[in-house]
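Shown next, in structure tokens, is the structure this report addresses.
Start at 1 with the first residue, then count along the sequence. Computed over heavy atoms, backbone and side chain alike; hydrogens, waters and symmetry mates excluded.
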Amino acid sequence: QVQLVESGGGLVQPGGSLRLSCAASGRTFSRYVTAWFRQAPGKERDFVAALTWSGGNTYYADSVKGRFTISRDTANNMVYLQMNSLKPEDTAVYYCAASYRATYSTTANYYSYWGQGTQVTVSS
């Protein structure tokens, strides 16, 4: 079992930055693919970014490419999402997810483990 806990959400003005953190416990993150999803009110949960643990390969949704960066701290079992140039349409609850697989997917049900989510609001 893997437990995931997100932190770092909050209110930020358009153009601002936030860094989300995802702490994993229970098992090491090795051989897990980790991802960030987001869900706005009344909408489906959408893929944001993914990181394959073994190779360190990263993948991004087109809507965040060039603005968001997913990264990891292997020693401390942490995954991060650095979000820059935030826009009002980035407002959502952001979720960390993980799956014991080598490759990633943009589909939410591919991932077995989820955090509780952290709210990000981009507004002036």
Side chain proximity check, Asn57 to Leu51, heavy atoms < 4.5 angstrom | no
Would you say Thr107's side chain and Asn109's backbone share a donor-acceptor pair under 3.5 angstrom?
-> no
Phe37 versus Cys96: any side-chain heavy-atom pair under 4.5 Å?
-> no
Any donor and acceptor pair, going by atom type alone, linking the side chain of Tyr95 with main-chain N or O of Ala35 inside 3.5 Å?
-> no
Is it true that a side-chain atom of Asp90 and a backbone atom of Lys87 form a donor plus acceptor pair closer than 3.5 Å?
-> yes
Under 3.5 Å, is there a donor-acceptor pair between the side chain of Tyr60 and the main chain of Ala50?
-> no
Does any non-hydrogen side-chain atom of Trp53 lie less than 4.5 Å from one of Val79?
-> yes
Test item: Thr118 side-chain N/O and Gly9 main-chain N/O as donor-acceptor pair under 3.5 Å = yes
Measure the CZ-OH distance between Phe68 and Tyr94 for me, rounded to the nearest 0.5 Å.
-> 4.0 Å
Return yes if a side-chain donor-acceptor contact under 3.5 Å exists between Tyr110 and Thr103, otherwise no.
-> yes
Within a strict 4.5 Å, meaning less than it, do heavy atoms of the Thr106 and Tyr59 side chains meet?
-> no
Are any non-hydrogen side-chain atoms of Trp36 and Phe47 less than 4.5 angstrom apart?
-> no
Quick one: does Arg38's side chain get under 4.5 Å of Leu20's, heavy atoms only?
-> no
Within the distance-only criterion (no hydrogens, no angle test), does the side chain of Thr91 pair as donor or acceptor with the backbone N or O of Val122 below 3.5 angstrom?
-> yes
Check: Met78 main-chain N/O paired with Asn76 side-chain donor or acceptor under 3.5 Å = no
Just wondering, more than 12 heavy atoms not from Glu89 lying within 6.0 Å of its CD?
-> yes
Does a side-chain heavy-atom distance below 4.5 Å link Leu86 with Pro14?
-> no
Do the side chain of Glu6 and the main chain of Gln116 share a donor and acceptor less than 3.5 angstrom apart?
-> yes
Please examine the side chains of Val120 and Met83, heavy atoms only from C-beta on, and report whether any two atoms are closer than 4.5 Å.
-> yes
Look at the side chain of Arg67 and the backbone N and O of Ser85, then say whether any donor-acceptor pair between them is shorter than 3.5 Å.
-> yes
